[in-house]
Each structure stands twice: as C-alpha cells, then as structure tokens.
Amino acid sequence: MSTAPATASSASSAAALPEIRVYNTLSKSKEPFAPLRPPHVGMYLCGPTVYKESHIGHMVGPVIFDTIKRYLSYCGYQVTWVVNITDVDDKLIAQSRERGIPMSQIAVEMTADYLANLRELGVNQIDQLPRATDHIEGIVHFIETLVEKGYAYASSGDVFFDVARDPNYGQLSNRLTDQMLGDGGGAAAKKRSPGDFALWKSAKPDEPSWPSPWGNGRPGWHIECSAMSHAYLGETFDIHGGGLDLVFPHHENERAQSSCCHGAPMAKYWMHNGLMRAGAAGKVGGRSDRAAESGAAESGAAEGGATTEGLDAVAIEEQSAGKISRSKGAGGLSELIQRHTGERLRFFLLRTHYRSTIVFNDEGLEEAATALDAFYRFFDRFEQITARSFYSLPAARWRRASALAEGEGADADATLAALAAQRAKYLDAMDDDFNTGAAISVLFDMLRTLNRHIDQQQLAAGAQSSDAGFETLLTGAEVLRELTAVLGLFAKPQAAAGGGGQDGAEFAAQLMEILIELRKQARTSKNFAMADAIRDSLTACGVSLLDSKDGTSWERQRS
RNA sequence: GGCGACGUGGCCAAGCGGCUAAGGCAUCGGAUUGCAAAUCCGACAUCCCGGGUUCGAAUCCCGGCGUCGCCUCCA
C-alpha cells in the first residue's frame, strides 16, 4: 500500500542527471526542462517600450532571466538570450509630440537609460537587443504571410489578426474566445470582431511611418516580438518570458500570430515573473474598482489621500508628491541605484521567488543591506587571512567543475562536508524552478559554516597556507564564489560595503577629520608617540598632514 | 461581472502530502571582547477561520473571511 516504488526507484540514477523543473504558464504546472535542441536554449524576454525612463519594476524580469541564463549555462546549456526594444508605438508618438522631438531620439535616449540600469544591476547576459524599427521588413513580411494564409485581413489601411481563425486563441491566458468575441458587434468599425487586434496601423498625417502593401503605416504592438523572436530564435524556441501583466493580451497575441504563421508552437515554456508593488505605509494603489465603493464610507481612516495612486504604484518617478514618494524618497531608478547600489537591488529582487509579488519599499531594501553586509564582512575577513581577494577567486563556471562537485574530497573535513551538503541543497533549490530565495538562504548557511571554521581553526590575519584549515577555507570560499556568481552577485568589490551611496571623497574627509582630531588630542596631552604614529600611518598610505597655527589640513600625495 | 494569485513567528520570506516548518531582519540569553562592533552558540511559529479527504496536511478538496493582480497601456 505504500507508494514506495515511486520514490525509491529514482534514487540511484537520478543523482547523475539532475532535472531542472520549470513552471509553464501554458500548462499551469512545473514541467521537466527539456530544450528542443540541447544543449542549445533559445530564450526571449519581452523588453520595454522605450518611451520613458525605466523604473525598478522593469528590472525584475531582466534580473530573473539573467539569473536563469547564468544558471542554465552553469548547468552546461548554451543559451541565446534575446530581449527586444520596442521603439515604435503610440506612446512613443505621444511623447514625441509632447516633447517636440523626434520619436527616434526619444527611443535612443530611453534605450540608453534602460541599458545603463541593466548594467548597474549586473544584467550582462543578453545576446541580442533587436529594435523593432530595424525589423520593419521582417514584420511586413510576417503580416503578409498571415494575410496569405487567411489569418489576417486588411481593412482600409490597417491589418487585423482574425482571432476567430485561431482555435487555440485564449489558451495561454485562459480566456474564452466567444467571451471576447461576444455580442459587442461593431466595436471598431474596421474589425470583423472586437477581439481582433492590429498587426499594422495606417499612418496619420504626421506620424512616423514605413511603406507597406497596405500603404504607409507602422506595426501594431505584439507583432514586433513575433517577427524578431522568429528572426533570432526560429519558429519554435524554448523559453518565452515576461511580466505576468503581459500574459494577456501581449503574449496571447504573439502566440496566435506566430503559431498561425508558422504552423508550429511559438515557445515551449512560457515563464512569467510576478509584478512589483509599492509597499507604502498604508495601502497602495489599485484603482478604485467598480464594486469597491460600498464600504468606503465607514473607514474614515483611509481618507487622507489614499486615492488613485495610478496603476503602477511603483512608478515612483512620476509620483511627484504623493505619499508613496515621500515614504521612499522620490526619484527614478538611477537615483535608487545611487542610493542603494545595483547589487543591493539585485539581491533584494532575488530573495523572493520570481513568480510572487514583490513588495517594494525602503524597509525591505534596508534589510537587504544589513543582510548583505554579512557577506561583505566575510570577504574582508577572508582577505585578511589569506591575502587573497574573494573577488578574484577562480570560480568554477560549470556545475561539474566545482571544487566540491558531487561531494568529492569532503569526507575527512567536517567543514567541507557541510559545504558540500549545502551546495547540494542550493542546487536542488535552483533546479526547482529557479528558487533563488531558497538558494540564497543556503548561502547564509555557508557563510556561517565558513565563519565557524575560521573561529574554530583560529585563523587570523596573515595566516600561512600550511596552517590547519587554511586550504579548507580557500576551497570553501571558492565554492561560495561559484554559487554567488551564478546569481550574478559579488562580481566586483563594492565602493563602500554597505555604505549605501556614500560619496567617497566626502567619506574620506569625514574620516580624516576624526583622525586629525585624535592626533590633536594626543598632542595636547603630550602623547607624542601616539600623535606620530597617526601621522606616520597616514604617510604610509599616501596622506600628508600639514600643521599650521590655524589647525591641521591634509592632502594626498601625487603618485 | 469574468479569470487568477496570495494569507507561514514582531516584520520579510522558503516550503507544493511524511525528516527537529529553511533563511534574513528585529529581540532575548551565552561564549568571545579593555569597551564596543564583528563572529560563534542558543531561544523565539503547528502555518487566516471552519469543515472534509488521508495512517499522515502548512501542503489536497469544499465553504468563509481578508489582501492583491489581470480583464485597457504596462516588465
């Protein structure tokens, strides 16, 4: 009566080939990851429409998929990752009008902003960043094919996708087509039915446009992703990602276009990351829904101004004076990065599972900072003892190349044994739908193991490689490096560990003030040995003290 | 109205039928320390409520309460 066979049978063989499981929005369940053409993996992430500066919410997907690519690569796959830049769109046109500058210029500016932010967050695994406007021809061709095959129809300069022709429409987002096709009748005069969506939009007089068989116009939203993913990854690729908010209509429509055009599935795995919410003091955002009104009167509490924060409560950039901005200091992403460092933001994002909602607020970021400090302190400690920088340790870039791969060499040494077990736990977490939160918790365990090892072996600054436990520390740190690198963390030393954007020069000035004051006190109390020691030490690191009747100033020596 | 997610210690957050319910922040003890910090050891939850299925549920099902998202542009 026991179900033992199921668990027992896999025990021996499974160890050799760890199975990665991925949550697929299409099937609403976790599936074994089996790419179409192993070891190659094609991955497409829907990038931004570049009409405004990006905000922190735009970073969630890139950080997650950057990590996914890192992990898959680490496991031996060869991943090609494409992120599109949508640089034609109604919003861009609107911005262009508003600011009185060409659409293309806005796109260039905002793309640069986006990329700069990605870089700060350590997102550097993207292979291709195609722009929609560079692929107009392909887009037109794509639409032509759809028209030829009868899935789309032209209607006075526009071209629409005929939703009724796709029996699978609605599958991804779990919507019924007849529901959408409903009675609505003639919602838009040009469409056959209200659910149809534009593939090509005819140009109005002063809008940017490109020639096409249907006259001058521009691509509709969705089609650029179908065309570009096809151009770079082929008819069917492995992973298609994006925010949960893109499931409908964006991905549903992409899927319809692509599968109808090619007669093949667009992607094997549809992965969607959770959205971010601003977690202000009270409650946040959400527009007042129909129905929500009834009980509002009695709770006088919320009256202050909890009104519409806008749909995207996270868009602090535009919340000029609202309570949201006050509670977290207004400003865009770049200011956020400056205040918290990109690494902190990345760490913060990775601590939550990618499919859940992340509540974003300063408290969370501060906590992340505190937690991260434990790592930075260990790196310092490690460097003191071994005279090696943690950041320059050779990290195994492949799972099976690890110093502790499959637990080898871990038998005799308790520390290594513990680390090997922890590493296995980490890998299990990552194998299970990229559970970065659980993986990071293991990292803290490793930190404790390593610190305990140092304490117990009494390793101190200037230790020798012949000292007991020295080699173990080295090996252990390498493994920690290996596993943190997979998450894209600790690539390079932080300017000021945990300092949170303290300006370097200003910081140095503050320190110097303290030292000068101490030396002054030493001199006053005739403790000249101490005073000289301070000055000599400073000289040793390139700082000269200049005494005068007005006090003491300092300068750095030119090298 | 339709679709969907979530509710785990003071806070954040893993867990997806069965080891002592991860980890972080905070708090409280202890070791260490000239003091402090850091580090280490230890303490701190039966999982929104009510039913049900099961030998066994935080984990599955039903009902309730609550929070949130999508259905329109959105990562």
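- Picking from A75(B), A14(B), U39(B) the nucleotide with the shortest atom distance to the side chain of H55(A) gives A75(B).
- Base-pair partner of U54(B): not found among the strands shown (Watson-Crick or G-U wobble, both distances under 3.5 Å).
- Look at CG on N24(A): it is 20 Å from P on C16(B), rounded to the nearest Å.
- Base pairing analysis places C6(B) opposite G66(B); the two distances defining the Watson-Crick or G-U wobble pair are each below 3.5 Å.
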Base versus backbone protein contacts along nucleotides 19-31 of chain B [heavy-atom cut-off under 4.0 Å; B, S, -]: ---BBBSS-----
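- Residues that satisfy the side chain to side chain donor-acceptor pair (under 3.5 Å) test with R218(A), not counting sequence neighbours, are D90(A), E207(A).
- Atom name P, nucleotides C19(B) and G10(B): the rounded distance is 24 Å, in whole Å.
- When ring centroids are compared, F197(A) and F160(A) stay outside the 6.0 Å threshold.
- Counting any heavy atom pair closer than 4.0 Å across all strands shown, G242(A) reaches sugar-phosphate atoms only and no base atom.
- With a 3.5 Å ceiling on both atom-pair distances, the Watson-Crick or G-U wobble partner of A43(B) is U27(B).
- Geometrically, R21(A) does not engage F33(A) in a cation-pi contact defined by less than 6.0 Å to the ring centre and at most 45° from the axis.
- Ring to ring, H222(A) and H251(A) are not that close: their centroids are 6.0 angstrom or more apart.
- Every pair passing salt bridge (charged side-chain N to carboxylate O under 4.0 Å, His left out) that includes a residue from residues 117-130 of chain A is listed here, sequence neighbours excluded: K69(A)-D127(A).
- Taking atom CE of residue M276(A) and atom C1' of nucleotide G69(B), one finds them 15 Å apart after rounding to whole Å.
- For R452(A) and U39(B), the CZ to C1' distance is 11 Å, given to the nearest whole Å.
- If you measure from atom NE2 of H251(A) to atom P of A75(B), you get 10 Å, rounded to the nearest angstrom.
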Under 3.5 Å, sequence neighbours excluded: what are the donor-acceptor pairs made by side chains of residues 42-51 of chain A?
| residue | atom | partner | partner atom | Å |
| --- | --- | --- | --- | --- |
| Y44(A) | OH | N84(A) | OD1 | 3.2 |
| Y51(A) | OH | K91(A) | NZ | 3.1 |

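- On the P atoms, U54(B) is 29 Å away from A22(B), given to the nearest whole Å.
- Pairing of U33(B), defined by two Watson-Crick or G-U wobble distances under 3.5 Å, is not identified with any nucleotide.
- Listed pair S356(A) / C68(B) fails the phosphate criterion, with no side-chain N or O lying under 4.0 Å from OP1 or OP2.
- Between the CG atom of L350(A) and the C1' atom of A13(B) there is a distance of 14 Å, rounded to whole Å.
- Nucleotides C12(B) and U20(B), compared at atom C1', are 23 Å apart to the nearest Å.
- Nucleotides A21(B) and G4(B), compared at atom C1', are 27 Å apart to the nearest Å.
- Residue N451(A) has no polar side-chain atom (N or O) positioned under 4.0 Å from OP1 or OP2 of A38(B).
- Taking the C1' atoms as reference points, A14(B) lies 11 Å from G24(B), given to the whole Å.
- Between L275(A) and T449(A), the residue anchored nearer the 5' end of RNA chain B, judged by the nucleotide with its closest heavy atom, is T449(A).
- Rounded to whole Å, the C1' atom of G9(B) lies 15 Å from the corresponding atom of G15(B).
- C48(B) and C55(B) are spaced 27 Å apart, taking the C1' atom of each and rounding to whole Å.
- Taking atom P in both G1(B) and A58(B), the straight-line distance is 33 Å, to the nearest Å.
- Sorted by residue number, the list of members of residues 114-122 of chain A with any non-hydrogen atom under 4.0 Å from RNA chain B is empty.
- Side-chain atoms of L350(A) and R346(A), non-hydrogen and from C-beta on, do get closer than 4.5 Å to each other.
- Pairing for U59(B) is absent, judged as Watson-Crick or G-U wobble with the two contacts each under 3.5 Å.
- Scored by the side chain to side chain donor-acceptor pair (under 3.5 Å) test, E254(A) finds H240(A), H250(A) as partners (sequence neighbours excluded).
- L515(A) is linked by a side chain to side chain contact (heavy atoms under 4.5 Å, CB included) to M512(A), L538(A), counting only residues two or more places apart in sequence or in another chain.
- Here D89(A) lies out of heavy-atom contact (under 4.0 Å) with every strand.
- Residue contacts shown for G47(A) are limited to sugar-phosphate atoms, with no base heavy atom under 4.0 Å away.
- Residue T352(A) has its side chain nearest to A13(B) when only C40(B), C68(B), A13(B) are considered.
- Counting to the nearest Å, the P atom of A13(B) and the CG atom of L443(A) are 19 Å from each other.
- A straight line from CG of D373(A) to P of A38(B) spans 10 Å, rounded to a whole angstrom.
- Counting non-hydrogen atoms under 4.0 angstrom, G243(A) reaches the backbone sugars and phosphates but no base.
- Sequence order on RNA chain B of the closest nucleotides to Y23(A) and D432(A) puts Y23(A) first from the 5' end.
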Between side-chain atoms of residues 450-458 of chain A and protein atoms elsewhere (two or more places apart, or another chain), which donor-acceptor pairs fall under 3.5 Å?
| residue | atom | partner | partner atom | Å |
| --- | --- | --- | --- | --- |
| N451(A) | OD1 | R381(A) | NH1 | 2.7 |
| N451(A) | ND2 | L447(A) | O | 3.4 |
| D455(A) | OD1 | R381(A) | NH2 | 2.5 |

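- At the heavy-atom level, H272(A) lies nowhere under 4.0 Å from the strands shown.
- Here G15(B) presents its C1' atom at 14 Å from CG of D433(A), a figure rounded to the nearest Å.
- Looking at residues two or more places apart in sequence or on another chain, you find a side chain to side chain contact (heavy atoms under 4.5 Å, CB included) between S96(A) and M103(A), I106(A).
- A cation-pi contact, defined as under 6.0 Å to the ring centre and within 45° of the axis, links R175(A) to F248(A).
- Candidate nucleotides A75(B), C40(B), C71(B) were compared by shortest atom distance to the side chain of F248(A), and C71(B) ranks first.
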